[in-house]
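Shown next, in structure tokens, is the structure this report addresses.
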Amino acid sequence: MLILDQVSKRYPNGHEALSNVSLQIDTGELVFLTGPSGAGKSTLLKLINGIERSSRGQVIVAGQNITQLAARRLPQLRQNIGVVFQNHQLLFDRTVGDNVALPLRIAGMPPSDIARRVRAALAKVDLEGRELDWPEMLSGGEQQRVGIARAVVHRPPFLLADEPTGNLDPALSKEIMGLFAQFSQLGVTVLIATHDLDLVKVMSARQVKLEAGRVLSFDQ
Amino acid sequence: MTSNPRAGGAEARVILRSERIRAWGRHHRQLFVQTFAALMSAPGSLITTWLVIGIALSLPLLLGLGLREAAVADAKASIEPSVSVYLSVPSDSAEAQELLNTLRGSSQIQSVTLVTERQALNAFAAQSGFGDILRAFSENPLPAMLDVKPLVGGGAEAKLLVNWMDELPGVDEVVFDAAWLARLQALMRILNRLVIAMGLLFSLGVILIIGNTLRLTIESQRSEIEISKLFGASDRFVQRPFIYRGFWLGLGGACFAWLIVQLSLGFLAAPVEQMAQAYRSSFALGVLSVDESLWLLLVGAGLGISASWLSVWRHLKQIQPK
Ligand SMILES: Nc1ncnc2c1ncn2[C@@H]1O[C@H](COP(=O)(O)OP(=O)(O)OP(=O)(O)O)[C@@H](O)[C@H]1O
Ligand SMILES: [Mg+2]
């Protein structure tokens, strides 16, 4: 479960990116976060995994209030949250397999288990057997899917995605959204920020509309 | 019977902790190999860095070794000077004979040679060329003298011996030229300090070199560090590879220093020996012993690890995902 309770975020330059946002997402739920550019979607996601701190209000992740979380406790929180962020793409000097393995290495998993998990995660995004390829050998959509495999390989209970279909064609976008829906059915709590309203319409999921840092509505 | 979920939970935590410790050990083992392999993937810059560190470490080391050998030579040389014991009695008196016997019986004295008044006069006349003037005296003005070669080592012991001889009956004056020894020892103390200062300065240099190398590596891996932290890597976790890199840089640099020192000693050995022979000294440059070599490697590795702690930690903490 994910709870934002009257959360505001003011950046150091004085800009208030979020104003009094309250939101609750149940375990295993898939929620879309929409709104025009600058509405505060990315900011909201960053508050959940501690990249940014809220200026007011409470952010509660899996029963843990992370508003006052000590910096040394952040890693523990982040190991439970898979992320697909656009400014954190793949490492191009690492193979596809090494990229996907990163969260497992951080968790300290034995190499044999890592290989097995990476294979399974790549299979889930239809990239079986591509472990030894280099990211630059993949198409944009394939790279995006490797990023998703990396985000879920360690089976985190939470998944945050910021524009995961940014530069993909509609068919591939739909496929990727289908993947996220599958994860939520497995009990993963998924929050996706996106501009793609057409795509959101065809998905049967809740939509939270943001505008100028405020929640406009919850659409079913 | 109902199951006890808390007991199960506690058990799971225990397993988790032992698994965490295993994972920690595994990470260290992997990094030990991986960081070395990563450094070896750029052999040109690696060897350059090692060479720079090696040179920086070898300079104070060579000076220190030279000084150590000089100190050994000094200890041997301090028995060389002779002590002149001037007599207040004639050389053919019974007192003179007794004094001679006393000194010959001392365990601290190697040899005693009697120089009679006449011998002293002849020697002085031959050396000074004032023989005619001296012969003008009706009596020989020069006293008899005992040329004493002491067995004692250092300056303090020699001083005790001199004081003892000064008190003996029949002794007028004991002359022992200890000034050159004192000067040498003062010089050695200065050089000693110089070696320590140089050692500290060059160690600082090594730390700066390694720290700088590591910071460049961090910059080139910035996005990897950011993504690692995004997925929950702790500061310690991302720091670990840099500690091992520092370790390898320091250790490799120390190996190069060892090589440079041994080669330099081999290169210098022959001329140093020749020079020492010319000065009738037994000064000779030795090689590094096994103990000293191990110490050198330990210091090198230690400097590398210190460098990664001092210069990397804050830098790594500042890198955060955005
Ligand atoms: N680090 C920052 N410092 C100051 N202002 C910021 C910072 N990051 C974002 N903002 C501002 O906060 C507002 C919300 O930004 P945010 O990135 O959350 O929007 P968004 O909804 O994700 O937009 P987009 O759809 O374009 O990605 C914007 O006006 C932006 O300029
Ligand atoms: Mg955004």
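We name chains A, B, ... by the order of the sequence lines, and we start the count at 1 in each one.
- For CZ of R73(A), the number of neighbouring non-hydrogen atoms (other residues, nucleotides, ligands) closer than 6.0 Å is 12 at most.
- With a threshold of 4.5 angstrom between heavy atoms, P156(A) does not approach chain B through any atom at all.
- Contact annotation for L74(A): neither backbone nor side-chain heavy atoms come within less than 4.5 Å of a heavy atom of chain B.
- When each of S234(B), A233(B), G232(B) is checked for heavy-atom pairs under 4.5 Å with chain A, G232(B) comes out on top.
- Heavy atoms only, all atoms of each residue included: E19(B) and P110(A) are closest at OE2-CD, 4.3 Å.
- With rounding to the nearest 0.5 Å, the separation of CG in N49(A) from NZ in K229(B) is 13.5 Å.
- Minimum interatomic distance between I51(A) and P321(B) (heavy atoms only, all atoms of both residues): CG2-O, 3.4 Å.
- More than 12 heavy atoms of other residues, nucleotides or ligands sit less than 6.0 Å from atom OH of Y11(A).
- Here the closest non-hydrogen pair linking I106(A) and S228(B) is CD1-O, 3.3 Å.
- When every heavy atom of K46(A) is checked against every heavy atom of K322(B), the shortest pair comes out as CE-C, 3.9 Å.
- In plain terms, the two heavy atoms of G82(A) and F231(B) that are nearest each other are CA-CE2, 4.3 Å.
- Between chain B and the options R72(A), R105(A), R94(A), E52(A), heavy-atom pairs under 4.5 Å are most frequent for R94(A).
- Atom CD of Q34(B) is surrounded by more than 12 heavy atoms from other residues, nucleotides or ligands within 6.0 Å.
- For E224(B), the parts lying under 4.5 angstrom from a heavy atom of chain A are both the backbone and the side chain.
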Q) Is there a side-chain contact (heavy atoms from CB on, under 4.5 Å) between I227(B) and L90(A) once you walk through the steps? A) CA-CA 9 Å; I227(B) 292 178; L90(A) 302 179; over 6 Å; no
